[in-house]
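Single-structure report; data block below.
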Amino acid sequence: MTIAPSLHGDSAVWSDSRLLYALEEVVETELNRHLKVAKEWMPHEYVPWSDGRNFDGVMGGEAWAPEQSKVTEIGRTALIVNLLTEDNLPSYHHEIASLFGRDGAWGTWVHRWTAEEGRHGIVMRDYLLTSRAVDPVALERFRMQHMSEGFESDNRHSMLHSVAYVAFQELATRISHRNTGHHSGDPVCDRMLARIATDENLHMVFYRNLLGKAFELAGDQTMCAVRDVVTNFRMPGHGIPGFERAAAQIAIGGIYNLRIHHDDVLQPVLRFLKVLDITGLGPEGLRAQEELGLFMGGLDDQATKFDEKREALLARRRARAEKA
């Protein structure tokens, strides 16, 4: 395949179609690497089926009650958010298939990614219902409302922005699942979410490596895309009913917050790709790189302030609990 030389410092602009073609070989290489390291696993093996029993309704079973749940309150909140996010897989597939195409290595990756992500929603819902971790009626109503509203990515206008976004978002999802498992209070849930997190990490590596190649091809454009994505980042579940309240609880609970976002999601990808150290950029790329660095510094300051407020709040809660 013949592609144009690196555009670091060049005023030329790569179109989406040109970049898709130029990155095809990289996608094929990363796809082959992914298929070699990805382990087959069965969702049904992570579900405690023997704990299950009928719910009320047509089966005449037992109605759900909060005390039936083995998971913590914060674990339940995060599990619902995580599952409802996974439920929008049809919309995510439509978005990336429209951007990346359905043919060649790109198409093979799109379908493989979708198939792997599909297991996450399957195993999470089976676990939640079998273990009675959540109210099944409320969960289904949330799902219907969330999916009925549809989903549109903030980055659907640009292939580069989309690649940059998922490089961070897949890692954010991995961290969210892993921390939810740690805070769930149920070893079965922790094991299940650790398995899901392994998939998410492999997806992150695929997109991160692809983003690295994009920097080599179109440095200025990629830097601008990364700046835009990082400074305007939102998790895909932001449209979930009651998301803001749930996100606040998840942040205070230590599952996902500004400090985690800065230290465990943004920084690792930026450091691995040496984004803030890239040289040879043109004026636009240099400006974007500088703005990105300033934003990261400001975000670190915000995270520190959040940490202080969170610790003060938790201290007050502990004091009240001791008095009680």
Side-chain angles (χ1 to χ4, degrees), residues 39 41-89 117-146 172-201 235 237 240-243 245-257 260 264 310 313-314 317-318 320-322 324:
K39 307 291 187 194
W41 62 280
M42 301 298 162
H44 69 272
E45 295 181 351
Y46 290 82
V47 179
W49 299 106
S50 60
D51 292 348
R53 58 190 186 276
N54 293 342
F55 287 99
D56 58 335
V58 296
M59 298 298 292
E62 182 183 0
W64 182 83
E67 59 269 17
Q68 296 168 1
S69 175
K70 295 180 180 180
V71 302
T72 60
E73 184 177 351
I74 186 60
R76 183 159 59 248
T77 298
L79 280 163
I80 292 172
V81 170
N82 290 352
L83 176 56
L84 291 177
T85 300
E86 298 284 358
D87 276 336
N88 252 336
L89 181 60
E117 287 287 340
R119 290 188 297 213
H120 303 168
I122 291 170
V123 70
M124 288 179 67
R125 177 167 280 100
D126 286 346
Y127 165 80
L128 291 176
L129 296 181
T130 302
S131 66
R132 292 184 171 244
V134 301
D135 181 348
V137 175
L139 181 65
E140 177 59 12
R141 286 172 177 166
F142 279 145
R143 188 190 71 84
M144 286 295 296
Q145 182 180 348
H146 183 43
T173 304
R174 172 211 166 191
I175 296 297
S176 178
H177 282 310
R178 202 69 191 94
N179 287 346
T180 298
H182 291 331
H183 287 78
S184 68
D186 181 8
V188 175
C189 179
D190 192 22
R191 183 170 61 244
M192 171 196 66
L193 291 176
R195 178 57 261 187
I196 292 175
T198 299
D199 277 1
E200 303 290 8
N201 193 63
M235 290 293 274
I240 291 172
F243 178 79
R245 182 172 183 273
Q249 294 172 338
I250 289 170
I252 295 170
I255 291 176
Y256 198 95
N257 53 41
I260 293 169
D264 300 336
R310 174 176 178 266
L313 174 61
L314 294 178
R317 288 182 178 179
R318 288 192 295 267
R320 286 198 298 267
E322 290 174 1

Q) So, Trp64 side chain and Val134 main chain: donor-acceptor pair closer than 3.5 Å or not? A) yes
Q) What are the two closest non-hydrogen atoms of Ala251 and Arg310, and how far apart are they? A) O-NE, 3.6 Å
Q | salt bridge (charged side-chain N to carboxylate O under 4.0 Å, His left out) partners for Asp199, two or more places apart | A | Arg119, Arg195
Q. Under the side-chain hydrogen bond (donor to acceptor under 3.5 Å, both in side chains) test, which residues partner Arg318, sequence neighbours left out?
A. Glu311
Q: Might you point out which heavy atoms bring Val188 and Pro48 nearest each other, and give the distance in Å?
A: CG1-CD, 4.0 Å
Q | Of all pairs that satisfy salt bridge (Lys or Arg N to Asp or Glu O under 4.0 Å), the ones with a partner from residues 174-186, not counting sequence neighbours | A | Arg178-Asp190
**Q.** Set of residues satisfying side-chain hydrogen bond (donor to acceptor under 3.5 Å, both in side chains) with respect to Ser176, sequence neighbours excluded
**A.** Asn82
Q | Rounded distance (nearest 0.5 Å) linking atom SG of Cys189 with atom NE2 of His177 | A | 10.5 Å
**Q.** Where Gly253 and Ile74 come nearest, the two heavy atoms and their spacing
**A.** CA-CG1, 4.2 Å
Q) Are any side-chain N or O atoms of Ser131 and backbone N or O atoms of Lys70, one a donor and one an acceptor, separated by less than 3.5 Å? A) no
Q | Inter-residue atom distance Arg191.CZ - Glu45.CD, 0.5 Å rounding | A | 10.5 Å
Q) salt bridge (charged side-chain N to carboxylate O under 4.0 Å, His left out) with Glu140: which residues, sequence neighbours excluded? A) Arg143
Q.
Testing the basics here: between Pro136 and Leu129, what is the closest heavy-atom pair and its distance to 0.1 Å?
A. CB-CD2, 3.7 Å
Q: Could you check Ser184 against Leu193 for side-chain contact (heavy atoms from CB on, under 4.5 Å), going step by step and ending with a plain yes or no?
A: CA-CA 10 Å; Ser184 68; Leu193 291 176; 5.6 Å; no
Q: Kindly write out the residues that satisfy ring pair (Phe, Tyr, Trp, His ring centres under 6.0 Å) with Phe142, not counting sequence neighbours, or none if the list is empty.
A: none
Q: Say whether, by atom type as modelled, one donor and one acceptor occur between the side chain of Gln68 and the main chain of Ala63 under 3.5 angstrom.
A: yes
Q: Report the residues that fulfil ring pair (Phe, Tyr, Trp, His ring centres under 6.0 Å) with Tyr127, sequence neighbours left out, ordered by chain and then residue number.
A: none
Q: Mind checking side chain to side chain contact (heavy atoms under 4.5 Å, CB included) for Glu73 and listing every partner two or more places apart, or none if nothing turns up?
A: Arg76
Q. Quick one: CG on Leu84 to CG on Leu79, what's the gap to the nearest 0.5 Å?
A. 10.5 Å
(Q) For the OG1 atom of Thr72 and the NE2 atom of His182, what is their distance to the nearest 0.5 Å? (A) 13.0 Å
Q. What do you reckon, is CZ of Arg141 surrounded by more than 12 foreign heavy atoms closer than 6.0 Å?
A. no
Q) Taking only residues two or more places apart in sequence, or in another chain, which ones meet Asp126 in a side chain to side chain contact (heavy atoms under 4.5 Å, CB included)? A) Val47, Trp49, Ile122
Q | Contact summary for Tyr46 and Met192, nearest pair of heavy atoms | A | CD2-CA, 3.9 Å
(Q) Applying side-chain hydrogen bond (donor to acceptor under 3.5 Å, both in side chains), can you list everything that pairs with His146, at least two apart in sequence or on another chain? (A) Asn88
Q.
Test of understanding: with side-chain hydrogen bond (donor to acceptor under 3.5 Å, both in side chains), list the residues that count as partners of Asn179, not counting sequence neighbours.
A. none
Q.
Just verifying a value: how many Å separate Trp41 CH2 and Ile196 CD1, rounded to the nearest 0.5 Å?
A. 5.0 Å
Q: May I ask you to test the Asp87-Arg125 pair for a side-chain heavy-atom distance under 4.5 Å?
A: yes
**Q.** Minimal non-hydrogen separation, Ala78 against Ile255, with atom names
**A.** CB-CD1, 3.6 Å
Q: Output yes when a side-chain donor or acceptor of His120 lies under 3.5 Å from a complementary backbone atom of Glu86, and no otherwise.
A: no
Q | Inter-residue atom distance Leu139.CG - Ile80.CD1, 0.5 Å rounding | A | 6.0 Å
Q) Less than 4.5 Å apart, any side-chain heavy atom of Ile252 and any of Leu314? A) yes
Q. Which residues satisfy the salt bridge (charged side-chain N to carboxylate O under 4.0 Å, His left out) test with Asp135, sequence neighbours excluded?
A. none
